[in-house]
**Q** 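Please find one structure pasted underneath; my questions will follow.
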Protein chains: 2
Amino acid sequence: MDTEKAIDKAEHNCLEHGVKLTPKRKSVLEILLESKHPQSAYEIADLYQQKLAEKIPAMSVYRMLEFLIEQGLVHKLASTNKFLACSHITCTHSHKTPQFLICDNCQTVNEIGIDSSLIAALEQSISDNHFKLSSPQLELHGLCEACQTN
Amino acid sequence: MDTEKAIDKAEHNCLEHGVKLTPKRKSVLEILLESKHPQSAYEIADLYQQKLAEKIPAMSVYRMLEFLIEQGLVHKLASTNKFLACSHITCTHSHKTPQFLICDNCQTVNEIGIDSSLIAALEQSISDNHFKLSSPQLELHGLCEACQTN
DNA sequence: ACATTGACGTTATATTGTATCAATCTTGTT
DNA sequence: AACAAGATTGATACAATATAACGTCAATGT
């Protein structure tokens, strides 16, 4: 994944929405783009300090993550309390239900695109229960290809 | 939902599996069965104290929850860090993928049974990504029927 | 220039969860 | 009954995650 391209896209995106991708916000996004695995807010604070030789309060990291999540640039994994850059930042297609395959062994996460007809069927099944989905996000735990063979 | 019947079933269940549903574990399960909403571990500790006029350490609550989850009697909602009794304790059919519709307004949770062919398709889509699911659990946030109209 | 707003810092505190070791209770066996 | 072994629970400490409240400063528009 091309970090630079993603950052460009993110900046463009923020401009369009009339919000600011400040240097610190950008750094946090960069850190997540360069991370192989999802990171906790405190881990991000550590990485920030390593990378920029400057301390950052966890409180600030949470605020920046909140911003990035609002802009759809970052996702939070509720099941692990960690954060990761949206892997579709550079895509043109509109974002829908994010779906994550989380490897419980090596922690890598695959943000997949489940067949949209499947999602539609799922949503139908849900609306049959008279329920109105807000932002569906599927987090599925298991083992990735590499970890299955070990 | 009939608490007593569920407790009976749970006891039977534990007997079959050669594990013990101790009085405290039973109390924790009762508390969840009688709760309208999912509860955090610390909330359960408070309810326990109210109900039994006896303090219980949070650590113990966590252990009892762990036990109850292992027995499939309780679920943990990863997205909210709360616990709830499985609403299918008294059912005879085998338990599969638990799926929760969580109302973000009133906190009620509906444990639904999504069409099994749908789940099968979802799992197919996942195995197409060379991923091996461990215990799929879907947590879907939104608004329940009652809260949509308000 | 001035007021307003947003971004960020600072501190404190709440909430959720785990590690560790001691005490107690069960159970099976002798 | 007496004992050993294991499971259960208590007690204490602490780690990890998250939010609240308030202050400062800079950017922005009027």
Side-chain angles (χ1 to χ4, degrees), chain A residues 10-11 14-15 17-29 31-32 35 37-49 52-71 73-84 102 104 107 139, chain B residues 10-11 14-15 17-32 35 37-49 51-71 73-84 102 104 107 139:
Chain A
E11 241 160 1
C14 286
L15 260 178
H17 291 74
V19 295
K20 274 174 289 189
L21 189 64
T22 66
K24 305 205 168 186
R25 287 170 175 170
K26 195 194 290 190
S27 293
V28 167
L29 179 55
I31 285 167
L32 287 181
S35 293
H37 311 308
Q39 306 285 344
S40 77
Y42 284 81
E43 285 165 349
I44 292 167
D46 288 346
L47 291 168
Y48 187 101
Q49 186 172 359
L52 304 184
E54 183 194 346
K55 272 210 173 187
I56 189 166
M59 181 74 249
S60 293
V61 173
Y62 275 107
R63 276 190 294 232
M64 288 153 198
L65 288 170
E66 185 185 25
F67 171 87
L68 294 169
I69 289 169
E70 271 168 11
Q71 301 306 313
L73 301 168
V74 164
H75 298 294
K76 173 172 185 179
L77 297 181
S79 52
T80 56
N81 299 316
K82 296 196 187 308
F83 304 84
L84 77 171
I102 305 164
D104 289 328
Q107 277 59 259
E139 300 181 20
Chain B
E11 241 160 1
C14 287
L15 259 178
H17 291 74
V19 295
K20 274 173 290 188
L21 188 65
T22 66
K24 304 203 171 190
R25 286 169 176 170
K26 195 194 289 189
S27 294
V28 168
L29 179 54
E30 274 172 9
I31 284 167
L32 287 181
S35 294
H37 312 310
Q39 306 286 344
S40 78
Y42 283 80
E43 286 165 348
I44 292 167
D46 288 345
L47 291 169
Y48 187 100
Q49 186 171 359
K51 181 173 176 168
L52 304 184
E54 184 194 343
K55 272 209 172 186
I56 189 168
M59 180 74 248
S60 293
V61 174
Y62 275 108
R63 277 190 294 231
M64 287 155 200
L65 288 170
E66 183 185 24
F67 171 88
L68 294 169
I69 288 169
E70 271 168 11
Q71 301 307 313
L73 300 169
V74 164
H75 298 295
K76 173 172 184 177
L77 297 180
S79 52
T80 56
N81 300 317
K82 296 196 188 307
F83 303 85
L84 77 169
I102 303 164
D104 289 330
Q107 275 61 255
E139 300 180 20

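Only this structure's heavy atoms are used, side chains among them; waters, hydrogens and symmetry mates stay out. Lettering follows sequence order; numbering is per chain, from 1.
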**Q** Salt-bridge test for Glu139(A) and Lys76(A): reply yes if a basic N is under 4.0 Å from a carboxylate O, no otherwise.
**A** no
**Q** I want to check something: taking the side chain as every heavy atom from C-beta on, are Phe83(B) and Leu77(B) in contact at a cut-off of under 4.5 Å?
**A** no
**Q** Report the distance from atom CG of Asp104(B) to atom OG of Ser79(B), rounding to the nearest 0.5 Å.
**A** 8.5 Å
**Q** Looking at Ser60(A) and Ile56(A), would you say the former's side chain and the latter's main chain have a donor-acceptor pair under 3.5 Å?
**A** no
**Q** Within this structure, what is the CD-to-P distance between Gln39(B) and dT16(C), rounded to whole angstrom?
**A** 11 Å
**Q** How does each nucleotide of nucleotides 7-26 of chain D score, in 5' to 3' order, for protein heavy atoms under 4.0 Å: base (B), sugar-phosphate only (S), or none (-)?
**A** -SBBBB----BBBBB-----
**Q** Atom CG of Leu65(B) to atom P of dT16(C): distance rounded to whole Å?
**A** 12 Å
**Q** Tell me, do Arg25(B) and Arg63(B) make a side-chain contact under 4.5 Å, heavy atoms counted?
**A** no
